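Note sheet for the following structure.
Not measured: the values here are computed from a predicted model. Atoms within a ligand are numbered from 1 in the order they appear, just like the ligands themselves.
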Amino acid sequence: MPAELLDGKAIARNIRDEVAAGVAKLAPRGIRPGLAVVLVGDDPASAVYVKAKGKACEEAGMHSVTIRLPVDTSQGELDRQIDSLNADPAIHGILVQMPLPRQIAADSVIRRIKPEKDVDGFHPVNVGKMLIGDSDGFVPCTPAGIQVMLQRSGVRTAGKECVVVGRSNIVGKPMVALMLQNAPDANCTVTVCHSATADMAEHTRRADILIAAAGKTGLIKRDMVKPGAVVIDVGISRVEDASSPSGYKLAGDVAFDEVREVASLITPVPGGVGPMTIAMLLSNTLRAAERGAW
Ligand code: GUN
C-alpha cells in the first residue's frame, strides 16, 4: 500500500489560525506583532518566499514590513538597516533572507540581529539554547516545523532511528539538535549524513524517520528507504516538465513516486515542509511580541 501523505499545508493552516488568535489576544493591550523581512538582491526564488512570508503575516493580523535592497548593498548599509530594526519598537522579529550576495558576510549579519528579535533562530545565542535544550530561545523555522508536523501527525519519535541527510546551518544541524533532545517529541537516535558520507544508503536504510535536506533533487531512492519509514522531504527545486504549462515542476530530494511505494508516511513537494516553515515563522514572531510585552 502506498504511503499516506503528511499534509503540511493542513497542519500549517491550523498553526496559522492559532497564531491569528494569539495576535487578536494581544490587541487590547495595544500590541501588534511586527515582522521585518529583508531581501538583498533579486534572486527569484527568494523573492517568492519573501512575498509569501509578508502575506502570511498580514493574514494573521500582524504588522509586516518588507525591505528590498539592491544586489550591490554594502555590509555597512545592511548593518545600519539591522540596527534601525533592532531599535524599532514596532518590530518584534527580523528575518534577513538567505542566501546573501557575495560581498556580505552572512555570519556577521546574523550576529548583528538582537537574539530577542532573531525569529529565524540563527543567532549563536539561539543556536546554543536549542542545543542545550533551553526552550527560552528561537528554533529555526524549518526544523521546528518538521518536529511539529511529526508531533501533530501522531508519529512516535522516542527510541526511533532518525537519519538526517544534509548538514546546513538552516536545516540539517538544527534538525539533529532537536531530534536528539531528551523530550517526548524527540528522543531519537540520530545519524547525520553529508557529502563526505561513504555509504549513505547503509545509514538511510536504518531510518524509522528519514529527513532529506541535501538540496539534491531525487537523491533518496526507493532502495535507500526502510519499509514503513516516515519520510520528510525538505528539498525544493525546479525541474523541466514538458507536460506542465509553465514548462517546469517542483521536485524534492526524494524520488517521490518510487519511495511512496515503501514508506508509511511521506511529505509531498510542494505542500509538505514549505508551509510549515512559514507557520513557524509566524509562531516565533508572536512569541517575540508576547515576550516584549512582559
Ligand atoms: N533561506 C532559505 N530558508 C531560509 C530561512 O528559513 N530563513 C532565512 N532567513 N533564509 C532562508
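Within the 4.5 Å cutoff, no side-chain heavy atoms of Ser74 are placed close to those of Gln103. Taking the side chain as every heavy atom from C-beta outward, Ile266 and Asp233 never approach each other to under 4.5 Å. Looking at Arg32 and Leu26, their side chains never come closer than 4.5 Å, going by heavy atoms from C-beta outward.
Residues Arg13 and Glu59 are paired through a salt bridge, judged by an N-O separation under 4.0 Å between the basic side chain and the carboxylate.
Closer than 4.0 angstrom to ligand 1 sit non-hydrogen atoms from Leu95, Val96, Gln97, Met98, Asp120, Phe122.
Other residues, nucleotides and ligands contribute over 12 non-hydrogen atoms within 6.0 Å of the CG atom of Asp199.
Of the possible polar contacts, none joining the Glu290 side chain to the Pro33 backbone as a donor-acceptor pair under 3.5 Å is found.
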